Amino acid sequence: MSDSNENTRAGRSHGNLSRRRLLQGTAGAVGAALASAGIYELVDGIAKPPDRPAAGADSPTIQEQYILQNEQVVMVDGSGVKSSNGTIAVRVPPLHDHVITARLNVPANAKALQEAQHHFESALLDVERQFPPTPTGVAITVAWGLPYFHHYIPALGKTSGFFKAGTRYPEYLPVDLMTSKTEGHTVYALQEARTFPSDQPPPGFGPVRLEQNDVAVLLRSDSLANVKAAQNVLFGSGSTQAGSLFKVTSIRYGFSGGGFYGQQGLPSKLALAAGIPGAQSIPRQAQGFLGFATTLDSNMGPGNIANLETLPGLTDQWPNGYFKQGTTMHLSHLFQDLVTWYGRNFPHYADRVQAMLQPGLSPAPAPGTLALQPPGQSEAEVAQGVQRYHAYGHTGSMSQVDSTTSPTTSNYGKAYPTGTTIPVRGDFDTLDNPFHYTSDPTADHYSEKKAAGLHFISFQPTIGIFNRVRLAMDGHYPDMTLPVAPRSPHAGINSVLHTTHRQNYLVPPRRHRSFPLAEFLV
């Protein structure tokens, strides 16, 4: 986000007041926001739908909500375009990503919650009867925040194969065994969101907002019409729809990719259409605003590795946890300053490669998006790089922390070599400022003026893992801190990011996705 845009945000004109009043949380305003996609209506006319493998009618529906079924992997060349000579495997993300966050509009008693549980599950099944749970249909992920468990599930009234009657919040939540051992007390896989050393909202925004939503619903598809239809079922106001259960707090729209087949990608096309400062510098086929392929197959956790129970010793959900086949999710929003990225701080291609990967690399100039395999660094190698170059790279700083540190066999018998990535990224670019809709436009600093941003989503077995990875991005490790200011241009990409919102969620398995644990209330 450019300095001029930041000043605009800090001194926003009164011309937006009528729009703000319209935005504030009425059912009509939510319905209008869900029905309209604004500039995102352009996506289906710009991007060629990826050539996904067909989903068979008898394909099993897996329990992991966060895993994209029938996801396409293509081999691309150094410019990020599919090629018969391509050597880099990249997962092709859905073109459309929508997140709706909400608080519940349900009384905090067993009868009301159990009725809501059945109502919402019925709506989810209605969507799945219309569309397969894949990018060619609509992939749905329902995630629940700590406020839901704290307020609505204070204690379990029934004994089950999972819990004793009387188990109180938070004792029924998955336990993060590794962090608990390190810290000497019980730490749960789902933790409250926190801020990090490099977090800095734009001027005039105030502190990072640590959100307190009850639920977040992520919808992913190659078709905007499919996403709209799903939203209508889940958040519409009809008697067979589920919108009456929720008070929507935000609607977040975005996109990714579109250029893997050689045409102009969505980040370049939409940023130019919106008049974003610095848009002319985005590589033509880029997957994201910063010009890098973010879904390299080697940088995404394989299979079900991000499940709570897959890796031995991470949580207490193996072999028979209630949340087995679930995971945790981090959701945040940040602005990306393209003028500083492509101009002031990193004007040359090699500068951006070193900031994104690690210092000392000398890549040949490439006309397109950067699709290079990161070399991977140990913590000691990152420290040595700082001694030599007085800088570290974004990917390099995290590669040791987000991966297996030794050959590991999962609880399911799958062998993972050293260096296997654990988290699964689901982030996507946005022009929202900061959201498409907010029930509190003043606190969220809503503006109609488009801005380059990112809705960052990461799935991992525990929030403890996310925190360690995010701290490493700022040069903070359990046993040392790098002597580089975390917002310095020498600290990877941190100087061009402005974080505004954060929240952590628990993603149950599909069988418990609707109002988890409500069945144990009395």
Side-chain angles (χ1 to χ4, degrees), residues 25 27 30 33-34 65-66 97-109 112-127 138-154 169-170 172-174 189-193 209-220 227 230-237 241-253 322-323 326-333 426 435-440 444 455 457-459 463 501-519 521:
V30 171
L34 288 170
Q65 293 193 73
Y66 72 96
D97 301 83
H98 290 194
V99 175
I100 298 93
T101 64
R103 297 188 181 95
L104 295 188
N105 188 35
V106 179
N109 64 67
L113 285 166
Q114 288 162 4
E115 289 176 353
Q117 185 183 56
H118 293 300
H119 186 175
F120 189 42
E121 180 62 21
S122 176
L124 290 164
L125 292 173
D126 281 349
V127 174
V138 180
I140 307 172
T141 304
V142 185
W144 297 87
L146 278 172
Y148 164 74
F149 296 105
H150 183 231
H151 182 65
Y152 288 93
I153 316 289
Y169 169 86
Y172 49 70
L173 293 175
L190 177 61
Q191 301 178 43
E192 288 280 9
R209 298 205 74 190
L210 301 179
E211 298 183 278
Q212 293 292 312
N213 295 301
D214 291 317
V215 64
V217 178
L218 168 64
L219 303 172
R220 295 180 279 186
V227 175
Q231 288 178 163
N232 191 44
V233 173
L234 300 180
F235 296 98
S237 57
Q241 299 165 327
S244 63
L245 303 176
F246 305 108
K247 298 175 182 176
V248 172
T249 55
S250 76
I251 301 170
R252 313 177 193 201
Y253 288 169
Y322 177 88
F323 293 101
T327 190
T328 69
M329 181 180 88
H330 176 81
L331 171 65
S332 55
H333 169 267
F435 307 142
H436 177 71
Y437 163 88
T438 166
S439 62
D440 192 348
D444 285 325
H455 293 305
I457 294 176
S458 178
F459 302 104
I463 293 301
H501 295 72
R502 292 192 182 279
Q503 190 175 351
N504 298 324
Y505 295 87
L506 183 61
V507 181
R510 184 177 181 274
R511 61 185 171 272
H512 299 312
R513 62 185 173 177
S514 180
F515 291 78
L517 302 172
E519 67 271 26
L521 299 176

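The model shown is predicted, which means the values in this text are computed figures rather than measured ones.
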Answer whether the closest heavy-atom distance between the side chains of [X] and [Y] falls below 4.5 Å.
X      : Y      : result
Phe120 : Leu245 : yes
Pro170 : Leu173 : yes
Phe515 : Tyr152 : no
Leu190 : Leu146 : yes
Arg502 : Leu331 : no
Val248 : Leu34  : no
Arg513 : Leu124 : yes
Thr141 : Val217 : no

Evaluate side chain to side chain contact (heavy atoms under 4.5 Å, CB included) for Arg209 paired with Asp444, printing each intermediate quantity in order. CA-CA 8 Å; Arg209 298 205 74 190; Asp444 285 325; 2.8 Å; yes
How far apart are the closest heavy atoms of [X] and [Y], and which atoms are they?
X      : Y      : result
Tyr253 : Ala33  : OH-O, 3.2 Å
Ala230 : Val138 : CB-CG1, 4.0 Å
Val233 : Ala123 : CG1-O, 3.4 Å
Tyr66  : Arg220 : O-NH2, 3.0 Å
Ala216 : Val99  : CB-CG1, 4.5 Å
Tyr505 : Gly145 : CD2-N, 3.5 Å

Any donor and acceptor pair, going by atom type alone, linking the side chain of [X] with main-chain N or O of [Y] inside 3.5 Å?
X      : Y      : result
Tyr172 : Phe149 : yes
Gln114 : Ala518 : yes
Asn105 : Lys247 : no
Gln65  : Val142 : yes
Gln503 : Ser332 : no
Ser514 : Gln117 : yes
Tyr148 : Pro516 : yes

How many angstroms lie between [atom1] in [X] and [atom2] in [Y], if you round to the nearest 0.5 Å?
X      : Y      : atom1 : atom2 : value
Leu521 : Asn109 : CG    : CG    : 9.0 Å
Gln191 : Leu506 : CD    : CG    : 12.0 Å
Ile463 : Ser458 : CD1   : OG    : 8.0 Å
Tyr169 : Leu517 : OH    : CG    : 12.0 Å
Asn213 : Arg103 : CG    : CZ    : 5.5 Å

Let's go through His98 and Leu218 carefully: what are the C-alpha distance in whole Å and the side-chain angles of both, what is the deciding distance for side chain to side chain contact (heavy atoms under 4.5 Å, CB included) to 0.1 Å, and is it a yes or a no? CA-CA 6 Å; His98 290 194; Leu218 168 64; over 6 Å; no
Should Thr249 and Thr438 be marked as a side chain to side chain contact (heavy atoms under 4.5 Å, CB included) after you check the CA-CA gap, both sets of side-chain angles, and the distance that decides it? CA-CA 6 Å; Thr249 55; Thr438 166; over 6 Å; no
Could you check whether Glu519 pairs with Arg511 (Lys NZ or Arg NE/NH1/NH2 to Asp/Glu carboxylate O, under 4.0 Å)?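 Result for this pair is no, no salt bridge flagged.
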Will you find, in the side chains of Thr101 and Ser250, an N or O donor that is under 3.5 Å from an N or O acceptor?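 A pair is found: one side chain offers a donor N or O, the other an acceptor, under 3.5 Å apart.
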Are side-chain N/O atoms of Gln231 and Gln241 paired as donor and acceptor at under 3.5 Å?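 Absent: no donor and acceptor within the cut-off.
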So His330 and Phe459, ring pair (Phe, Tyr, Trp, His ring centres under 6.0 Å) or not? Walk me through it. CA-CA 7 Å; His330 176 81; Phe459 302 104; over 10 Å; no
Please test Leu219 against Ile140 for side chain to side chain contact (heavy atoms under 4.5 Å, CB included), starting from the C-alpha separation and ending with a verdict. CA-CA 5 Å; Leu219 303 172; Ile140 307 172; 3.8 Å; yes
Dump the intermediate steps for ring pair (Phe, Tyr, Trp, His ring centres under 6.0 Å) on His512 and Tyr322, then the final yes or no. CA-CA 8 Å; His512 299 312; Tyr322 177 88; 3.8 Å; yes
Is the distance between the ring centroids of Phe235 and Phe246 under 6.0 Å?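 They qualify: ring centres under 6.0 Å apart.
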Does the side-chain hydrogen bond (donor to acceptor under 3.5 Å, both in side chains) test come out yes or no for Asp214 and His151, once each step is laid out? CA-CA 9 Å; Asp214 291 317; His151 182 65; over 6 Å; no
